[in-house]
Amino acid sequence: SHTTDVALFGEASLDLSRTLVATIGGRLNFIRDARSTLYADLDARASAARSRFGVIPSASVAWKAHSDHLIFLAYRSGSRSGNVLPVSGPQFVTSNPDRLHSVETGWRYSAPGSVNLSATLSYTRWNDIQSDLITLDGNSQTVNLDHTNIWGLEAAASWRPASGLSAAASLFLNNSPSVQLDARALATLEEYNLPQKNRMPNIPTLGARATFVYETQVFPGVRARLAGAMRYYGASVAEFRSVQPEYVEFGADARLILDRWTATLGVTNLSSVRGNRFAIGNILNRGVGETLSTPLQPRTVRIGLESDF
């Protein structure tokens, strides 16, 4: 089978006043799915071509309440086309397009050269969610999982307290969304003895990150740069397993810069913590008992010498 997708994008902004700007845009797209005649003997629906014309709109309003403050409200949407996939034996499975609608509002503050702050609250409605399942016999199929509602909060800050020194931090929170399973999805999960979890997989409720960078001149023509990072990953549900535990990962990097030469010393996963990168490993080995995880790289020290040409 093959898919033809033709799209036209557009966006326009209008100054409603000196401090208020409205933006409207969208995507017009035409999609045609041509199915192979291979499926004709199985079901006429599988070999028939499907054509769709869609409009995906977007809109936003931004208010510059002060020279350093911006408040905004935005609406966005998105869509993915459906598909037809063969499964074991003379069978196929079809999936319908899914659609996503998102509304977000937020505030940004920027003080030139020193502090930047931002906070965003969002709500997302995801209809007819496409989910890829790997069955016990190693086949892949896509099913629609009805819908979910996602509430999220994001915040970020950066600070430059002195020349050569900067720090930044960010975090996100969400409601660990549950998924409503329709009758077809429930039947597929039951047929292949897959867990009927109703939480969105691989999405932690809380995540955070903090970094710092310090750069200074140690000798004439020689600069030193130190950097560090901390990342926190909250617990989540794996697609085929139970809860994936939370973990904290640290990293550090030091550089000595002389003209076009740089000597580096870096350490990743400083505490050699164990965790899963929100992945499921080799899904094709699921039926032979392999643990479905992608472990973090253990503590790794890198010494290098770089040169610019």
Side-chain angles (χ1 to χ4, degrees), residues 18-21 23 60-74 104-122 152-174 204-235 246-275 277-278 296-309:
R18 290 185 303 173
T19 59
L20 189 64
V21 178
T23 301
S60 66
V61 177
W63 175 40
K64 199 166 186 179
H66 188 270
S67 60
D68 298 333
H69 297 266
L70 179 72
I71 298 173
F72 65 90
L73 175 66
E104 62 179 21
T105 183
W107 162 79
R108 294 172 186 165
Y109 169 77
S110 178
S114 57
V115 177
N116 292 281
L117 304 172
S118 67
T120 303
L121 177 66
S122 64
L153 174 65
E154 299 179 30
S158 62
W159 181 37
R160 297 183 64 90
S163 176
L165 177 62
S166 64
S170 61
L171 66 85
F172 72 85
L173 296 164
N174 67 58
T205 303
L206 172 64
R209 183 174 185 267
T211 63
F212 83 89
V213 176
Y214 177 66
E215 187 168 341
T216 186
Q217 179 174 300
V218 290
F219 301 108
V222 180
R223 292 179 294 119
R225 183 180 184 273
L226 301 175
M230 181 278 293
R231 295 178 178 86
Y232 168 77
Y233 299 85
E246 63 183 0
Y247 65 88
V248 181
E249 185 180 15
F250 295 93
D253 179 82
R255 293 173 177 262
L256 197 63
I257 306 166
L258 173 62
D259 193 18
R260 61 189 181 92
W261 293 94
T262 303
T264 66
L265 172 63
V267 184
T268 58
N269 196 359
L270 193 61
S271 57
S272 203
V273 67
R274 295 186 178 184
R277 291 184 179 274
F278 300 121
L296 292 174
Q297 181 175 316
R299 181 191 300 114
T300 303
V301 179
R302 176 185 180 274
I303 301 174
L305 183 64
E306 303 172 1
S307 177
D308 297 329
F309 295 95

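Below, each value reflects all heavy atoms present in this structure, side chains not excepted, and no hydrogens, waters or symmetry copies.
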*Asks:* Out of curiosity, E249 CD to S271 OG, how far, rounded to the nearest 0.5 Å?
*Replies:* 8.0 Å

*Asks:* Return the set of residues passing salt bridge (charged side-chain N to carboxylate O under 4.0 Å, His left out) with E104 (not counting sequence neighbours), or none when no residue passes.
*Replies:* R76

*Asks:* Could you tell me which non-hydrogen atom of D253 sits nearest to which non-hydrogen atom of G266, and how far apart they are?
*Replies:* OD1-CA, 4.0 Å

*Asks:* Quick check on L305: does its CG atom have over 12 non-hydrogen neighbours (other residues, nucleotides or ligands) under 6.0 Å away?
*Replies:* yes

*Asks:* On the 0 to 90° scale, with breaks at 30° and 60°, tag the Y109-W107 ring pair as parallel, tilted or perpendicular.
*Replies:* parallel

*Asks:* Nearest heavy-atom pair of A111 and N116: which atoms, and what distance?
*Replies:* N-OD1, 4.5 Å

*Asks:* Got L265 and V301 here, is their nearest side-chain heavy-atom distance under 4.5 Å?
*Replies:* yes

*Asks:* Hey, what do you get for OG1 (T211) to CE (M230), rounding to the nearest 0.5 Å?
*Replies:* 10.0 Å

*Asks:* Can you name the one residue among F172, Y233, Y232 that meets side chain to side chain contact (heavy atoms under 4.5 Å, CB included) with P204?
*Replies:* F172

*Asks:* Give the minimum heavy-atom separation between G275 and Y247, together with the two atoms involved.
*Replies:* CA-CD2, 4.0 Å

*Asks:* Tell me if a side-chain donor or acceptor on T105 pairs with a main-chain N or O of F72 at a distance below 3.5 Å.
*Replies:* yes

*Asks:* For residues V273 and N269, report the shortest heavy-atom separation together with the two atoms involved.
*Replies:* N-OD1, 2.9 Å

*Asks:* R299 side chain to L270 main-chain N or O, any donor-acceptor pair under 3.5 Å?
*Replies:* yes

*Asks:* How close do G221 and L258 get, heavy atom to heavy atom, and via which atoms?
*Replies:* O-CD1, 3.4 Å

*Asks:* Under a 3.5 Å cutoff, is there a donor and acceptor pairing between the side chains of R255 and T264?
*Replies:* no

*Asks:* Main chain of R260, side chain of T262: is a donor-acceptor contact present, judged purely on distance under 3.5 Å?
*Replies:* no

*Asks:* Go through the structure and list residues passing side-chain hydrogen bond (donor to acceptor under 3.5 Å, both in side chains) with R108, not counting sequence neighbours.
*Replies:* none

*Asks:* Using 0.5 Å steps for rounding, measure from the CG atom of L153 to the CG atom of L171.
*Replies:* 7.0 Å

*Asks:* CD1/I71 to CH2/W63 distance, rounded to the nearest 0.5 angstrom?
*Replies:* 5.0 Å

*Asks:* Between R225 and A227, what is the shortest heavy-atom contact and its length?
*Replies:* NH1-CB, 4.0 Å

